[in-house]
Amino acid sequence: TLFRSTNLLFTQACYTTTNFISASSYDYWQPSFVGYLAETKNNQFGSLGTTYEFDTRGYYYGSMSCLNKIIEMNQDEEQKDEVNVKTFCSSNENQIAAAMTLRAFVMMHLTDCVGALPWSEAWKGESDDIWTPAFDSQQDIYTALFNDLEQAYGMFQEGANLSSSDILFSGNIARWKKFNATVRMDMALRISDVDASTAKSRFSTAYNQGGITENADQLLYRYDVRATNSPLYSVGCMTYSARTLAWGPNKIIVDAMKDYKDPRLFARFTIGEDAYLGQRSGDPDDFNSYYGVTHGHSGNDDVTAEADTACSITQKYCTQASDYGLFTASRSLFNMAEAVQKGIISGDAADLYEKAIRSSFAFEGVTDGVDDYIAAHPLPADNEGAIREICMQRWIAGFMTDCIEVWSDWRRTNIPALPLTEFQMLQHDGHTTMPVRFVYSSTDSERNPEQYQAAVDKYLGGKDDRWTRLWWDVTPNE
């Protein structure tokens with residue numbers, strides 16, 4: 001059974017990470033929230049009124065429970081040397097460390113979506129008869145995740161790799177260590193405006209241990225034809241007869257790349273024979289031939305009218321088996337550059353910034369134009385301008401990667417501008433920007449009502465609202 005094999009448990013947990021990039025049907029809220037995708041067929045989701053709850057239940061009962069089971073089996077004296085455990089890895093410590101690292105990565109996303117959640121009392125129903133766990137503050141969750149990640153890093157033993165059931169890093173423990181440190185740097189940067197001293201300490205420790213700086217070490221999710229189709233397969237794969245044509249490039253990202261004269265635009269978008277929204281007139285090598293779609297029109301006719309002139313997303317994102325960046329070297333390098341610029345670590349911010357851009361170009365297979373692009377967009381000399389440019393370039397490079405944490409970047413920095421349309425503002429009491437969190441799901445409010453209400457009162461000012469900022473989001477977004 002599933003719960004007798006750490007191989008199967010780990011693979012199952014890995015599948016969860018695809019949700020951080022995008023949904024694969026229905027509402028593609030992750031990339032649309034950050035200006036990457038827009039509806040192109042109708043106005044079903046543009047009002048932002050359909051997906052407003054974030055249900056954590058599947059993660060607690062699914063992926064994180066699988067990882068807890070791996071930890072338990074590798075700590076249990078009667079199970080840890082059984083074949084169904086050892087076939088995943090000869091080292092019990094490596095199994096525990098990888099499970100703790102992936103569990104922290106998953107939980108980071110959950111708390112970054114809603115805020116306070118059960119953690120210290122989670123999964124203690126059978127052991128301690130705690131069936132309605134209290135919600136820990138986001139600050140306490142971050143502290144616990146930092147501690148778990150640092151403990152896990154110290155447990156890794158290079159030389160005893162995981163099996164091929166590790167579909168994230170192909171079992172490579174050296175890459176798991178780099179990923180572990182990189183996640184800690186990402187978390188530390190996120191809290192740098194609310195707890196500068198902790199951010200500096202946590203980031204410095206992880207940076208000195210060594211994070212992801214090369215594309216060979218970055219985290220990709222490799223979609224395949226057997227288990228998981230790529231998110232845009234059902235939307236625009238030219239060999240899939242039932243493609244929905246429902247999503248395309250958002251005007252915000254297309255216009256930004258046109259303004260920057262960014263040659264990665266031609267790797268991401270197309271107006272040629274492989275354009276699933278229809279071939280468009282114009283020179284495919286001319287930036288001015290490319291148009292995106294506004295997400296948030298008031299009616300279907302407005303959506304389709306704009307989509308009729310829009311470019312399409314290229315087939316490398318739409319084929320059934322595609323590689324999507326989940327945590328790229330480019331993102332890691334931009335994080336390091338921002339950390340230098342903010343005085344968190346010492347180093348050469350301009351060098352890290354340039355390496356991050358080169359990493360992104362290489363990842364997207366764009367071999368020409370990177371030198372000219374860097375020359376046209378050097379890191380500004382002033383601190384405010386430099387941080388703004390690092391954040392803007394990180395957002396451009398983050399296209400169709402971990403869109404939940406791209407959303408976190410925007411919430412923390414307000415870069416780029418992600419304004420609501422007039423129609424969206426009318427639907428949401430005059431709010432002017434994208435939401436900054438999700439409300440809790442009905443599972444939380446109905447099955448754990450007392451603890452849910454206590455969390456709302458204590459951490460959200462009494463209102464479970466999508467425009468109430470999280471603990472680390474200290475700068476007003478509107």
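No hydrogens, no waters, no symmetry mates; every other heavy atom, side chains included, goes into these values. Quick caveat, the model's predicted, so the values are computed rather than measured.
Atom CG in Asp81 sits 9.5 Å away from atom CG in Asn74 (nearest 0.5 Å). Taking OG of Ser441 as the reference point, atom CZ of Phe54 lies at 9.5 Å (rounded to 0.5 Å). Note: Thr205 OG1 to Met185 CE = 10.5 Å, rounded to the nearest 0.5 Å. Between atom CG of residue Leu418 and atom CZ of residue Arg411 there is a gap of 11.5 Å, rounded to the nearest 0.5 Å. Rounding to the nearest 0.5 Å gives a distance of 7.5 Å between OG1 of Thr16 and CG of Leu102. To the nearest 0.5 Å, atom CE of residue Met108 and atom CD1 of residue Ile141 are 12.5 Å apart.
His377 and Asp262 form no side-chain donor-acceptor contact under 3.5 Å, judged by distance and modelled atom types alone. Side chains of Asp274 and Gln315: no donor on one and acceptor on the other come within 3.5 Å. Side chains of Tyr142 and Asp112: a donor-acceptor N/O pair is present below 3.5 angstrom, by distance only. In summary, the side chains of Ser163 and Asn7 do present a donor paired with an acceptor at a separation below 3.5 Å, with no hydrogens or angles considered. At a cut-off of 3.5 Å, with distance as the only test, no side-chain donor of Asn94 or Trp176 sits close to an acceptor on the other residue. Side-chain atoms of Asn229 and Tyr240 include no donor-acceptor pair closer than 3.5 Å. Of the N and O atoms on the side chains of Tyr459 and Gln139, not one donor lies less than 3.5 Å from an acceptor on the other residue. Using a 3.5 Å distance cut-off with no hydrogens or angles, the side chains of Asn477 and Trp410 do not pair a donor with an acceptor.
Looking at Ile71 and Arg103, their side chains come closer than 4.5 Å, going by heavy atoms from C-beta outward. In this structure, Glu150 and Arg202 have side chains that are in contact, with non-hydrogen atoms separated by less than 4.5 Å. In this structure, Leu162 and Ile173 have side chains that are in contact, with non-hydrogen atoms separated by less than 4.5 Å. You'll find the side chain of Phe45 stays beyond 4.5 Å of the side chain of Ser32, heavy atoms only. By the 4.5 Å heavy-atom criterion applied to side chains, Arg175 and Lys178 are not counted as neighbours. Residues Ile253 and Trp395 form a side-chain contact, since some pair of their non-hydrogen atoms from C-beta on lies under 4.5 Å apart. Here the side chains of Asp409 and Cys391 are not in contact, with every heavy-atom distance at 4.5 Å or above. Using a 4.5 Å cut-off on side-chain heavy atoms (C-beta onward), Arg190 and Glu405 make contact.
Both the sub-6.0 Å distance and the 45° axial angle are satisfied by Lys177 relative to the ring of Tyr153. A cation-pi contact links Arg264 to Tyr373, judged by a cut-off of 6.0 Å to the six-membered ring centre and 45° from its axis.
Under a 3.5 Å cut-off, the side chain of Glu478 and the backbone N or O of Trp467 do not form any donor-acceptor pair. Between the Gln320 side chain and the Tyr233 main chain, no donor and acceptor come within less than 3.5 Å of each other. Looking only at distances, no side-chain donor or acceptor of Thr314 sits under 3.5 Å from a matching main-chain atom of Thr270. Formation of a donor-acceptor pair under 3.5 Å by the Ser312 side chain with backbone atoms of Tyr276 is found in this model. Side chain of Glu389 to backbone of Pro378: no donor-acceptor contact under 3.5 angstrom is found. Within the 3.5 Å criterion, the main-chain N or O of Ser330 finds no donor-acceptor partner in the side chain of Gln218. Proximity of a side-chain donor or acceptor of Ser137 to a complementary backbone N or O of Ala116 within less than 3.5 Å is not detected. Put simply, the side chain of Arg222 never gets that close to the backbone of Ala321: no donor and acceptor are under 3.5 Å apart. For Arg437 (side chain) and Val114 (main-chain N/O), a donor-acceptor pair under 3.5 Å exists by modelled atom type. Trp471 places no side-chain N or O within donor-acceptor distance of the main-chain N or O of Ile191, the cut-off being under 3.5 Å.
Phe135 and Tyr440 have perpendicular rings, their planes meeting at more than 60° on a 0 to 90° scale where under 30° would count as parallel. Classification of the Tyr353-Phe334 ring pair by plane angle, with boundaries at 30° and 60°, yields perpendicular. Below 30°, between 30° and 60°, or above 60°: for Phe399 and Tyr317 the angle between ring planes is above 60°, a perpendicular geometry. Relative orientation of the Phe33 and Phe438 rings is parallel, given thresholds of 30° and 60° on the angle between their planes.
Minimum interatomic distance between Cys89 and Ala160 (heavy atoms only, all atoms of both residues): SG-O, 3.2 Å. The two atoms that bring Asn414 and Pro476 nearest to each other are ND2-O, 3.1 Å, heavy atoms only. Here the shortest heavy-atom pairing between Asn172 and Asp166 reads N-OD2, 4.1 Å. Heavy-atom minimum distance, Phe363 versus Asn215: N-ND2, 3.5 Å. What you find for Met100 and Asp148 is that their closest heavy atoms are CE-O, 3.5 Å. For the residue pair Cys14 and Ile167, the shortest heavy atom distance occurs at CB-CG1, 3.5 Å.
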| task | Begin with the C-alpha distance, continue with both residues' side-chain angles, and end with the deciding distance and a verdict on side chain to side chain contact (heavy atoms under 4.5 Å, CB included) for Leu48 and Arg466. | result | CA-CA 11 Å; Leu48 308 179; Arg466 283 192 288 170; 4.2 Å; yes
| task | Give the intermediate values and the outcome of ring-ring contact (aromatic ring centres under 6.0 Å, His included) for residues Trp247 and His295. | result | CA-CA 10 Å; Trp247 294 87; His295 189 59; 5.6 Å; yes
| Evaluation steps, side chain to side chain contact (heavy atoms under 4.5 Å, CB included), between His109 and Asp402 | CA-CA 10 Å; His109 286 82; Asp402 184 340; 2.6 Å; yes
| request: Give the intermediate values and the outcome of side chain to side chain contact (heavy atoms under 4.5 Å, CB included) for residues Thr6 and Asn84. | output: CA-CA 7 Å; Thr6 53; Asn84 57 295; over 6 Å; no
| request: Report the C-alpha separation of Asp444 and Thr56 in whole Å, then their side-chain angles, then the decisive distance to 0.1 Å, and conclude whether the side chain to side chain contact (heavy atoms under 4.5 Å, CB included) test is met. | output: CA-CA 9 Å; Asp444 295 304; Thr56 61; 4.3 Å; yes
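Few gaps surround CG on Asp382; more than 12 heavy atoms of other groups in view lie less than 6.0 Å from it.
The ring pair (Phe, Tyr, Trp, His ring centres under 6.0 Å) pairs that include a residue from residues 180-221 are Tyr221-Tyr223, where partners are two or more places apart or lie in different chains. Here ring pair (Phe, Tyr, Trp, His ring centres under 6.0 Å) pairs that include residues 62-102, with residues two or more places apart or in two chains, are Phe10-Phe88.
For Lys342, the side-chain contact (heavy atoms from CB on, under 4.5 Å) criterion is met by Leu189, Ser192, Asp193, Glu338, Ile344, Ile387, Arg412, not counting sequence neighbours.
At a threshold of 4.0 Å, the pair Asp186-Arg331 counts as salt-bridged, since one of the basic side-chain nitrogens sits closer than that to a carboxylate oxygen.
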